[in-house]
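One structure is given here, and the rest of the page talks about it.
The sequence lines fix the lettering, A, B, ..., with proteins before strands; numbering per chain opens at 1. Just so we're clear, the structure is a prediction, and the values are computed from it rather than from any experiment.
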Amino acid sequence: MRFLATLRIIELCHQFPHGITDQVIQNEMPHIEAQQRAVAINRLLSMGQLDLLRSNTGLLYRIKDSQNAGPVSFFLSKMKGSDNQEKLVYQIIEDAGNKGIWSRDIRYKSNLPLTEINKILKNLESKKLIKAVKSVAASKKKVYMLYNLQPDRSVTGGAWYSDQDFESEFVEVLNQQCFKFLQSKAETARESKQNPMIQRNSSFASSHEVWKYICELGISKVELSMEDIETILNTLIYDGKVEMTIIAAKEGTVGSVDGHMKLYRAVNPIIPPTGLVRAPCGLCPVFDDCHEGGEISPSNCIYMTEWLEF
Amino acid sequence: MEQPRGKTGWTEVTEPGPGRPGFGASDRRPRVAALRLLSTMTQAEIKLCSLLLQEHFGEIVEKIGVHLIRTGSQPLRVIAHDTGTSLDQVKKALCVLIQHNLVIYQVHKRGVVEYEAQCSRVLRMLRYPRYIYTAKTLYSDTGELIVEELLLNGKMTMSAVVKKVADRLTETMEDGKTMDYAEVSNTFVRLADTHFVQRCPFVPATENSDPGPPPPAPTLVINEKDMYLVPKLSLIGKGKRRRSSDEDATGEPKAKRPKHTADNKEPIPDDGIYWQANLDRFHQHFRDQGIVSAVANRMDQTSSEIVRTMLRMSEITTPSNAPFTQPLSSNEIFRSLPVGYNISKQVLDQYLTLLADDPLEFVGKSGDSGGGMYVINLHKALGSLATATLESVVQERFGSRCARIFRLVLQKKHLEQKQVEDFAMIPAKEAKDMLYKMLSENFISLQEIPKTPDHAPSRTFYLYTVNILSAARMLLHRCYKSIANLIERRQFETKENKRLLEKSQRVEAIIASMQATGAEEAQLQEIEEMITAPERQQLETLKRNVNKLDASEIQVDETIFLLESYIESTMKRQ
C-alpha cells in the first residue's frame with residue numbers, strides 16, 4: 001500500500017515537473033489517509049527523490065532529477081536524512097561565506113533555541129559539511145563555515161599565524177633574510193664606485209624585488225604576498241636598519257601599486273651607542289635607589305666594580 | 001620626577017630694621033617688592049656642581065658656590081651670614097668664582113651689589129678636556145696650551161698667555177731649542193680670528209667729569225666688534241726653561257739675580273685687556289662635528305665633507321642658535337671645497353641633490369639661483385641626534401624588540417595597544433610587557449581620549465605616544481646623576497689607596513733628589529724596591545681605574561651636550 005502510494009506520488013510529480021501541492025496528491029489518492037500520505041512524502045523526501053519547496057500557497061513537492069537539480073538541490077541531496085532545521089542552519093552558514101559565522105549569530109538568524117543549534121551544528125560537522133575555525137582575534141570564539149572553504153585572513157591572521165599561534169621565529173627568520181638581502185645590495189652598490197646618483201639608486205630594492213627573492217629562497221611553507229613582505233620590511237624600518245622612500249611609478253611597471261612603488265635600503269645608525277650607556281649607571285636597574293651613604297652607593301656599587309675589572 | 005631643591009617661587013625682600021644685627025648702615029636693602037623667580041636646580045645638578053667646585057677649587061669655594069646656586073642672587077653680607085664664613089674668606093671665594101666666570105654680579109638700586117651663580121657654567125667644567133682637545137686638533141700643541149691656560153686661569157692678558165705657553169713648550173723641546181713668542185702669538189691671533197677666544201668685558205673709559213662717588217661695582221661692557229680684536233703687541237722673546245736648582249747654584253753669579261726681578265717690573269703693554277675662552281664657539285664646533293659624523297654614517301665620506309664645508313662657510317655668518325644656516329649657492333660651495341677634493345661640479349650637484357632628498361632632511365634646498373641654494377636644517381639635525389640618543393638608550397637598556405616598539409611609536413606619533421602589536425609583529429603578551437616597562441621609566445606616555453563624558457575606562461581610547469622633550473629632560477637628569485656617581489667612585493678609589501699613593505710619591509721624591517746628587521744605580525734600585533711588587537700592581541690597577549672613570553665622565557658629557565643642545569634649540573623656538 002505504502003509502496004504504491006509512493007510510486008503514485010512520483011508519477012504525479014513527473015506529470016507536473018513544476019511541483020505539486022499536497023492538495024493535488026489528496027485529490028489523486030483520496031483513499032489514503034493524511035497520515036499515510038505524510039509518511040510517504042517524508043520517505044520520498046528522505047530518499048532524496050522529491051524536493052520540498054515553499055510557495056505562497058503552501059508546500060510544493062517536486063520530482064528531483066538531474067535536469068531540475070540546481071545548486072540548492074545539489075547540496076540538499078547531500079543531506080540525506082537532514083531535516084528542515086538543519087537545512088536552514090546550513091543556508092545561514094553558507095551565506096556567511098569565508099568569513100564564517102558565530103554560533104550566537106546563527107541563533108539570531110534562525111530563531112532556533114540554543115540546544116537545537118548545538119545539536120545541528122554537531123550533526124553537520126560530523127557529516128563534514130561545515131567546520132569550526134578558531135578566530136585569531138578572540139581565541140574563545142569559534143566561527144563556522146562550509147567545509148571546503150578557505151578561511152578568510154581576518155579570521156586566521158594570515159600568513160603569520162598557524163593554528164592560532166603567532167609564529168615569532170618565522171617572522172624573525174624572514175626579518176633577517178630580508179635585511180641580509182638589502183645589506184648585500186647596498187654593499188655592492190657602494191663598492192661599484194660609480195657616480196653618486198647611480199650608486200644610491202642601485203642600493204635600493206623595491207618591495208617586489210625583495211618578495212621575489214624571498215619566494216625563491218623557499219623558506220616559507222605558506223605562500224606570502226607582496227603585502228606580507230612589506231609588513232616585514234616595515235618592522236625592519238622600526239628596527240632602524242632600513243629606510244624607505246616612495247617613488248612614482250608608471251602603472252604597469254613590475255611591482256607598482258596604485259601608481260607608486262616602495263623602495264627599501266639598508267642603512268647604518270647615525271650615531272654610535274651614546275656615552276651614557278657606556279657607563280654602568282646608564283643601564284643600572286637600581287639607579288633610583290643609589291645615593292652616597294646608602295646601601296647602594298657609588299662607592300660600593302658592584303656593577304662598577306665588575307665594569308672596572310673588565 | 002625630581003623635586004627641585006633650593007628656593008622656588010617668589011621671595012620678598014624687606015628692609016632691615018635698626019634692631020637687626022649684622023647689617024651696617026651702608027647696605028640697607030632696598031624696599032622693593034623684589035618678586036624674583038629664583039632658578040630651580042635639581043638635586044642632581046647641585047650635587048654635581050658641588051663635586052666639581054670642590055675638586056677644582058677646594059672646600060671654601062665649594063661652600064660659597066653651592067650656597068649661591070641653592071639660594072640664587074644674594075649680597076655679600078648675607079652670604080657671609082648664611083654660610084657662617086668670615087667676610088674675608090667669602091670675598092676671596094667670590095674672587096675665584098668671578099675670575100672663572102662662574103658667578104656674575106649686578107648692581108641693584110640703592111647701590112646693593114648682588115652675586116649670582118651660574119649653575120650651567122659650573123657644569124661646563126666637565127667639558128674642559130674636550131675644549132682643550134679640540135684646540136689641539138685644530139691648532140696643534142700651541143693652541144692646546146693656550147686654551148688650557150685660559151680655561152685654568154679664567155681670564156688672562158695676551159702677553160701673559162703667550163709668555164706662559166712659550167715657557168711650557170720650551171720645556172718639552174730638545175735641549176737648546178726654544179719656542180719663539182711670535183709663533184705663539186700667531187696661533188693666538190688665529191684663535192681670536194676664528195672666535196675661539198674672545199675679549200672679556202671691561203670697564204669703559206669714562207671721562208672724569210662725573211662728580212658722584214664711584215659705583216660699588218663696575219659695569220662691564222664689550223662691543224661686538226671689539227670682541228675679537230687683538231691688540232697690536234710686539235711680543236718679542238723666547239720661552240725660558242725653568243732652571244733646575246743646581247744649574248743656578250753652579251752657574252750664574254748672584255749679581256744676575258736682581259736683573260731677573262727687574263724684568264718682571266716692566267709695564268705690561270696690554271694691561272686691562274683680558275681674554276677668555278669662547279665656550280659657545282666650541283659648542284658650535286661640537287654640534288657641527290655631530291652633524292658631519294651623522295651624515296658620514298648614513299651616507300658616505302664625500303657627502304660628509306660637503307656638509308662640513310657648508311657648515312664651515314656658515315660659521316661666522318649664522319648665529320649659533322639659528323634653526324637654519326644662511327642659504328649657500330652650489331657655486332659658492334664648489335669654490336670652498338677643500339683643496340684635496342677634486343670632484344667635478346656636476347658630481348657636487350648630484351651629491352647636493354641626494355643630500356636634499358635624503359629622508360634625514362639635514363640639508364634642504366631653498367632656491368634655484370646660483371646653481372641651487374642649499375641650507376642646513378640645524379634644528380632638525382639636533383632633533384634627529386637627540387632622538388637617536390633616546391633610541392640608543394632604549395636599545396641598550398631594554399633590548400632591540402623594545403627599541404623596535406619605541407621607534408614605531410615615535411614614527412607613528414599615537415598608537416593603540418593593538419596597533420602596536422600588529423605593526424611591530426611582536427606577540428601581544430610581550431608587547432604589553434615592554435610597553436608598560438617603558439611607560440614606567442617615562443620614555444613613553446599615555447594619552448587618554450574618552451568616548452563618553454564620564455571617562456569610563458572601557459569606553460576610552462588609550463594611545464601610546466613619545467614626548468621627545470620630556471624624555472630628553474628625564475634622560476639629561478639621569479646623565480647628571482651618573483656623572484656625579486662616577487666622580488664619587490673615582491674619589492673613593494683614590495681615598496682607599498691614599499696611603500699607598502703617598503708612599504709612592506715620597507719614594508719618587510727621594511729618587512729624584514738622589515738622582516740630582518748623583519747617586520749610584522744600586523742605591524736607586526734599593527729605594528725603588530721600597531715599593532713591593534703587589535703594591536706596584538695595586539698602583540697600576542688604581543691608575544687604570546681612575547683613567548677609565550675619567551674617560552667615562554667625558555663620554556657621558558657627550559650625551560649631555562646633545563640633549564642640552566636639543567632642549568635649548570627647542571625652547572628657543574617656543
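- Note: B:Arg478 leads B:Arg478, B:Arg490, B:Glu553 in heavy-atom pairs under 4.5 Å with chain A.
- For A:Asn234, no part lies near chain B; criterion is any non-hydrogen pair under 4.5 Å.
- Judged purely by atom type and a 3.5 angstrom limit, A:Arg200 has no side-chain atom pairing as donor or acceptor with the backbone of B:Tyr351.
- Of all the heavy atoms in B:Leu475 and A:Leu276, the pair that sits closest is CD1-CD2, 3.9 Å.
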**Report entry** Stepwise side chain to side chain contact (heavy atoms under 4.5 Å, CB included) check, A:Arg190 with B:Asp300
**Finding:** CA-CA 9 Å; A:Arg190 217 172 315 163; B:Asp300 61 3; 5.9 Å; no
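- Side chains of B:Asn485 and A:Cys290 form a contact here, defined as non-hydrogen atoms less than 4.5 Å apart.
- Interface remark: A:Pro269 contributes backbone atoms only to the contact with chain B (heavy atom separation under 4.5 Å).
- Interface remark: A:Glu172 contributes side-chain atoms only to the contact with chain B (heavy atom separation under 4.5 Å).
- Within the model, atoms CZ of B:Arg404 and CG of A:Asp239 stand 4.0 Å from one another, a figure rounded to the nearest 0.5 Å.
- Contact of B:Ala388 with chain A is made through backbone and side chain together, with heavy-atom distances under 4.5 Å.
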Requested in this report: Evaluate the criterion salt bridge (charged side-chain N to carboxylate O under 4.0 Å, His left out) for residue pair B:Lys47 and A:Glu292; output intermediate values, then yes/no.
Outcome: CA-CA 11 Å; B:Lys47 177 92 177 113; A:Glu292 197 52 41; over 6 Å; no
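- Between atom OG1 of residue B:Thr389 and atom CD1 of residue A:Ile271 there is a gap of 4.0 Å, rounded to the nearest 0.5 Å.
- Only the backbone of A:Asp288 comes within contact range of chain B, with heavy atoms under 4.5 Å apart.
- When B:Glu391, B:Lys548, B:Glu496, B:Glu558 are compared by the number of non-hydrogen pairs under 4.5 Å with chain A, B:Lys548 comes out ahead.
- Between chain A and the options B:Ser384, B:Pro359, B:Gly290, the largest number of non-hydrogen pairs under 4.5 Å is found for B:Pro359.
- At a 4.5 Å heavy-atom cutoff, the contact between A:Ile237 and chain B is made by backbone and side-chain atoms alike.
- Of the possible polar contacts, one joining the B:Arg489 side chain to the A:Pro298 backbone as a donor-acceptor pair under 3.5 Å is found.
- Proximity to chain B is limited to the side chain of A:Thr245, based on heavy atoms less than 4.5 angstrom apart.
- In this structure, the side chain of B:Arg544 engages the main chain of A:Leu308 through a donor-acceptor pair within 3.5 Å.
- Judged purely by atom type and a 3.5 angstrom limit, A:Thr274 has no side-chain atom pairing as donor or acceptor with the backbone of B:Ser392.
- For the atom pair B:Asn545 CG and A:Met304 CE, the distance stands at 11.5 Å (nearest 0.5 Å).
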